[in-house]
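Structure record follows, encoded as structure tokens.
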Amino acid sequence: MSRETPSVSHIICLVGPTGSGKTAAALHIACSLAQSGFPTSIINADSRQIYQDFPIITAQPTQEERTQCPHLLYGFLPTDQKSSAGKWMDSARTTVAEVTAQGRFPLLVGGTGLYIRALLDGMADIPAPDAAVSTRLQEQCRMEGPLPLHARLSGIDPVYAARIHPHDRQRVIRALEVWESTGRTFSWWHEHAVSPVPETTVLRLGMGLPLRELAPLLSKRINAMLDAGAMDEARSALKAYPELSLPGWSGIGCRELGKALTGQLPLAEAMELWQKNTRAYAKRQWTWFRADPRITWFRPDDPAAYRNMTKLALAFLQGKPSGS
RNA sequence: GCCGAGGUAGCUCAGUUGGUAGAGCAGGGGACUGAAAAUCCCCGUGUCGGCAGUUCAAUUCUGUCCCUCGGCA
């Protein structure tokens with residue numbers, strides 16, 4: 001299918017590990033820009049904050065925050081619906097185009113590196129694989145393990161097979177299902193079919209801290225989520241969607257609470273796991289974003305952070321040279 | 001006080017019939033093209049409780065002291 005590739009001039013994006021204060025910073029920047037004559041809409045770039053049944057546990061902006069400026073692509077997907085980088089990229093492109101058409105400026109905020117890369121750096125335009133093929137490969141992987149599948153991949157697409165670890169079932173299966181469904185190797189698609197990135201200039205801002213300093217904040221935030229009613233949120237989600245294997249339940253915090261509520265895990269252990277998984281996740285995000293030299297970083301405890309970010313953003317929108 | 005079992009990595013423990021030690025968890029680093037809050041990879045020196053003895057060599061054997069946990073008083 002052909003994607004519309006609207007012509008967009010400026011996108012600001014704000015990234016960073018979970019719990020470092022992106023939401024509040026984005027709101028501040030958006031409001032400041034609006035006051036300076038650059039009306040801004042915030043667009044979610046987080047794979048979990050799209051789920052409507054877990055606003056607290058996935059740390060979506062509150063209703064009160066959302067009234068201060070437009071917030072788009074938050075909390076619209078039910079728990080039993082699956083998202084993907086491609087689906088998000090499509091809706092994000094459309095949303096960016098709409099925002100721009102309104103004469104507003106898009107501010108992308110989120111922690112899902114793959115989504116942001118797909119939107120801003122492009123992604124191979126690979127047709128959806130045959131569902132039957134995927135199911136068969138999954139099953140085969142479950143029975144025989146990933147090694148035979150990886151060995152097969154080495155014969156088909158040695159370049160990609162060498163880049164991934166033989167135990168990485170998700171990537172092994174993905175590469176094989178693309179090959180079997182399209183007759184082209186994964187590497188071929190990456191080389192020949194990267195979807196065009198709309199004409200954009202991007203300012204990349206990062207909000208973050210080394211994990212050592214971030215960890216206590218994460219722990220505090222989980223407690224705040226509990227105070228805000230995380231337990232009730234999980235309880236009512238469980239009533240509507242009792243099957244914990246549904247896509248929406250895979251969010252950190254959701255699955256731990258789900259298991260605690262269904263008696264699969266003592267509550268104390270669930271809490272510990274929630275903490276631990278959150279930390280590990282923040283670390284993965286930190287690793288991902290830090291590898292991108294285009295990002296200008298700020299610390300949440302820097303009192304001048306908001307001011308400096310806004311200054312950069314303003315200069316960027318006014319077309320002054322800086323950023324990428 | 002007596003009897004027994006222990007004291008080894010941040011935690012739980014394994015092990016060396018004497019040649020200075022390794023698993024799980026925790027922790028740290030990294031990869032990342034439609035599940036990405038996903039899926040994976042790499043990283044282990046610690047007075048082997050203290051002191052003394054035997055020995056070429058002791059974390060290992062012996063003695064003694066300290067500590068913990070049981071049982072009996």
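- A:D46 comes within contact range of at least one nucleobase, with a heavy-atom separation under 4.0 Å.
- Comparing B:G30, B:G28, B:A36 against the side chain of A:W288 picks out B:A36 as the nearest.
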Expected rows: protein N/O vs nucleotides 41-44 of chain B N/O, under 3.5 Å:
from	atom 1	to	atom 2	distance (Å)
B:C41	OP1	A:H167	ND1	2.7

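- Distance, A:F289 CZ to B:A36 P: 14 Å, rounded to whole Å.
- A sub-4.0 Å separation between OP1 or OP2 of B:A38 and a side-chain N or O of A:Y281 is absent.
- Closest to the side chain of A:K276, out of B:A37, B:C32, B:G27, is B:G27.
- Counting only heavy atoms from C-beta on, A:F186 has its side chain closest to B:U33 among B:G30, B:U33, B:G27.
- Residue side chain A:R171 reaches the base of B:A38 through a donor-acceptor N/O pair under 3.5 Å, judged by distance alone.
- Residue-level contact check: A:Y160 touches the backbone only, with heavy atoms under 4.0 Å from sugar-phosphate atoms and none from bases.
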Dot-bracket for RNA chain B, 5' to 3', counting Watson-Crick or G-U wobble pairs under 3.5 Å, with [ ] for crossing pairs and | for inter-strand pairs? (((((((..((((.....[..)))).(((((.......))))).....(((((..]....)))))))))))).
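- Residues A:S20 and A:M207 approach most closely at OG-O, 3.0 Å, considering heavy atoms.
- Ranking B:G29, B:A37, B:A38 by closeness to the A:T112 side chain, first place goes to B:A37.
- Nucleotide B:G34 is shown with a syn base, its glycosidic torsion being within 90° of 0.
- Residue contacts shown for A:W189 are absent, as no nucleic acid heavy atom lies under 4.0 Å away.
- Scanning atom types as modelled, no donor and acceptor separated by under 3.5 angstrom connect the side chain of A:Q285 and the base of B:A36.
- Taking only side-chain nitrogens and oxygens, A:R279 comes nearer than 4.0 Å to OP1 or OP2 of B:G27.
- Contact check, A:R284 against B:A38: a side-chain N or O comes under 4.0 Å of OP1 or OP2.
- As judged by a 4.0 angstrom heavy-atom cut-off over every strand, A:Q138 is placed among the base-contacting residues.
- Per the geometry, CH2 belonging to A:W88 stands 17 Å off C1' belonging to B:A38, to the nearest Å.
- Scanning atom types as modelled, no donor and acceptor separated by under 3.5 angstrom connect the side chain of A:R117 and the base of B:A36.
- Near-neighbour residues of RNA chain B inside residues 222-254 of chain A, defined by a heavy atom below 4.0 Å, number-ordered: A:S250, A:G251, A:I252.
- A:I126 comes within contact range of at least one nucleobase, with a heavy-atom separation under 4.0 Å.
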